[in-house]
Number of protein chains: 2
Amino acid sequence: MKIDPNSSKDLSAQIAQAIKEAIISGQLPVDERLPSESELSEQFDVSRPTVREALKRLAAQSLIRTQRGATGGAFVNRLSFEDAYAQQITTSTLLLSMNAVSFETACEARYALERACAPLSAQRREADHLATMRAEIHRQSQPGLSDEAFCASDVAFHRALVDGAGNPVLSYQLAGAVEAMQPSMNMITFTARSRSEIIALHTRIADAIEAGNPIQADAALSELQTYTVKLADDVIAKRAAAK
Amino acid sequence: MKIDPNSSKDLSAQIAQAIKEAIISGQLPVDERLPSESELSEQFDVSRPTVREALKRLAAQSLIRTQRGATGGAFVNRLSFEDAYAQQITTSTLLLSMNAVSFETACEARYALERACAPLSAQRREADHLATMRAEIHRQSQPGLSDEAFCASDVAFHRALVDGAGNPVLSYQLAGAVEAMQPSMNMITFTARSRSEIIALHTRIADAIEAGNPIQADAALSELQTYTVKLADDVIAKRAAAK
DNA sequence: AATTTTCATTTGTCAGACATTTAATTGTAT
DNA sequence: ATACAATTAAATGTCTGACAAATGAAAATT
């Protein structure tokens, strides 16, 4: 392997790129051990710190894991759905907070994706996901609940809906969309009135899923979207008025 | 800022985590300059190489960018949709290839998400996205096209459909799902017969979008999904028979 | 005033060393 | 011979100190 020392990019970035491509192409299979840092530094003709910076870049993307000790080293990591969730969530969160995405746009995306799941959830309707949804609805109706806890429960409800589709790829894709919305949702002050409204819609959704009725689920989700946007608009209007 | 030197995690991982949290929480706003590497090494009470490893971890996630020179340093990076797309695509691709996700599962996820976009596309139906879809359909009907080129055009068609929803958050979420499928799609050998079938369905989708008819678009997408899964099954069956 | 030169700052890279972890090997005692 | 303890080797983790290269600002020069 060779590296261009006159490139505009850092050596560590180039080395990371080269190894990354080897992983993506399948040249380096899962659990394969990379050469030791010393060997890599010889192969790429760079110093060990430079190799290490490259490896840390890959580790940050969960592409490799490292282990110390005699039989240690850097190993190609099997990217788990769990790791991917976490990355997806932070990326989505930052994307929303840094790019002035409107609440409405984010909300539209989130509900569009959830509505894609609803028919599959209604079709499969597994007992444990339904139980989770019911449990979260029950929690949401507790009187002493803080707004943050209410939002967290809301996220849990929607994740159960998504997971109910029984498709891990969908769950992974949507984890970001649902969780990334939480910071904006936390801005909303949920009155007793709005909570009961939301709980009623959640109940309708759960009922529709349980009944295997995708059309009703879709309708309830649609109403929930409209209502959520309205609540956010009210908060924004109230803030503007306070100024 | 302090770091626990007895933690199970690497120092560089802890430092990266601390800075990452500062960015996510908004303590470090976009374009803010971090302290220089020497200053950070003093603040965290570690050596400069350790700080550098931490910074490279952040750079790998597009959270910071670095610049050399007198006024250089590490700056908090505004995570662009473009950067996020790229990350999303590699993560999704690896997730699919490393976890033995069945073609059917991936396909189901992809089409569920696309069907979530179709109504929005039909509602907004911007001229340039429609033009892209028509152009890709035309390309797909060229006789000399390789299977890879046909697949690439297929991806372009579906991306135009998704982008037509006019929601960048949706586009970002779906970029991964659509593009990650390409390696599996490339396994399929597209006969003249199957190509004309797919083109007919693409045309129906484009027509439905242009007419602002989400129901027809959904129906065509549903048929396309069924047909795609059937094609893949045929390939798998043929391979099994060849053994 | 414009241009060139110098300079200080900062990241990028290197070399070498020591610390720490870990598993295999070796040695020892029962 | 087996069980247990000590040693050893290999690998990552961390540190120190140094130099190279880029870059903008300040100083010097024309």
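All chains are named by letter (A, B, ...) in the order of the sequence lines, taking the proteins before the strands, and each is independently numbered beginning at 1.
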Does C:dG12 have OP1 or OP2 sitting under 4.0 Å from an N or O in the side chain of A:Lys9? no
Check the phosphate of D:dC15 against B:Thr50, side-chain N and O only, distance under 4.0 Å to OP1 or OP2. Yes or no? yes
Once you round it to whole Å, what is the distance between [atom2] of [N] and [atom1] of [X]?
| X | N | atom1 | atom2 | result |
| --- | --- | --- | --- | --- |
| B:Ile15 | D:dT14 | CD1 | P | 8 Å |
| B:Leu11 | D:dT16 | CG | P | 12 Å |
| A:Glu53 | D:dT12 | CD | C1' | 15 Å |
| A:Leu55 | D:dA11 | CG | P | 14 Å |
| A:Glu42 | C:dC14 | CD | C1' | 15 Å |
| B:Leu58 | C:dT11 | CG | C1' | 16 Å |
| B:Arg52 | D:dT16 | CZ | C1' | 15 Å |
| B:Glu37 | D:dT14 | CD | P | 16 Å |

Among C:dT13, C:dT11, D:dT12, the one nearest any side-chain atom of B:Ser36 is C:dT11
Among D:dT14, C:dG12, D:dA11, which is the nearest nucleotide to the side chain of B:Ser47? D:dT14
Between A:His158 and A:Arg110, does any side-chain donor sit less than 3.5 Å from a side-chain acceptor? yes
Quick one: does any side-chain atom of [X] pair with a main-chain N or O of [Y] as donor and acceptor, under 3.5 Å?
| X | Y | value |
| --- | --- | --- |
| B:Thr90 | B:Gln87 | yes |
| B:Asn99 | A:Leu79 | yes |
| A:Ser121 | A:Leu161 | yes |

Do A:Arg57 and A:Asp10 meet the salt-bridge criterion of a basic N to acidic O distance under 4.0 Å? yes
With sequence neighbours excluded, what pairs up with A:Ala149 under the side-chain contact (heavy atoms from CB on, under 4.5 Å) test? A:Leu145, A:Ser146
Would you mind reporting whether B:Leu231 and B:Phe103 have side-chain heavy atoms less than 4.5 Å apart? no
Does anything in residues 64-73 of chain B reach DNA chain C, meaning a heavy atom under 4.0 Å, and if so which residues? B:Thr66, B:Gln67, B:Arg68, B:Gly69, B:Ala70, B:Gly73
Considering only heavy atoms and no angle criterion, is a donor-acceptor pair shorter than 3.5 Å present between the side chain of B:Arg48 and the base of D:dG17? no
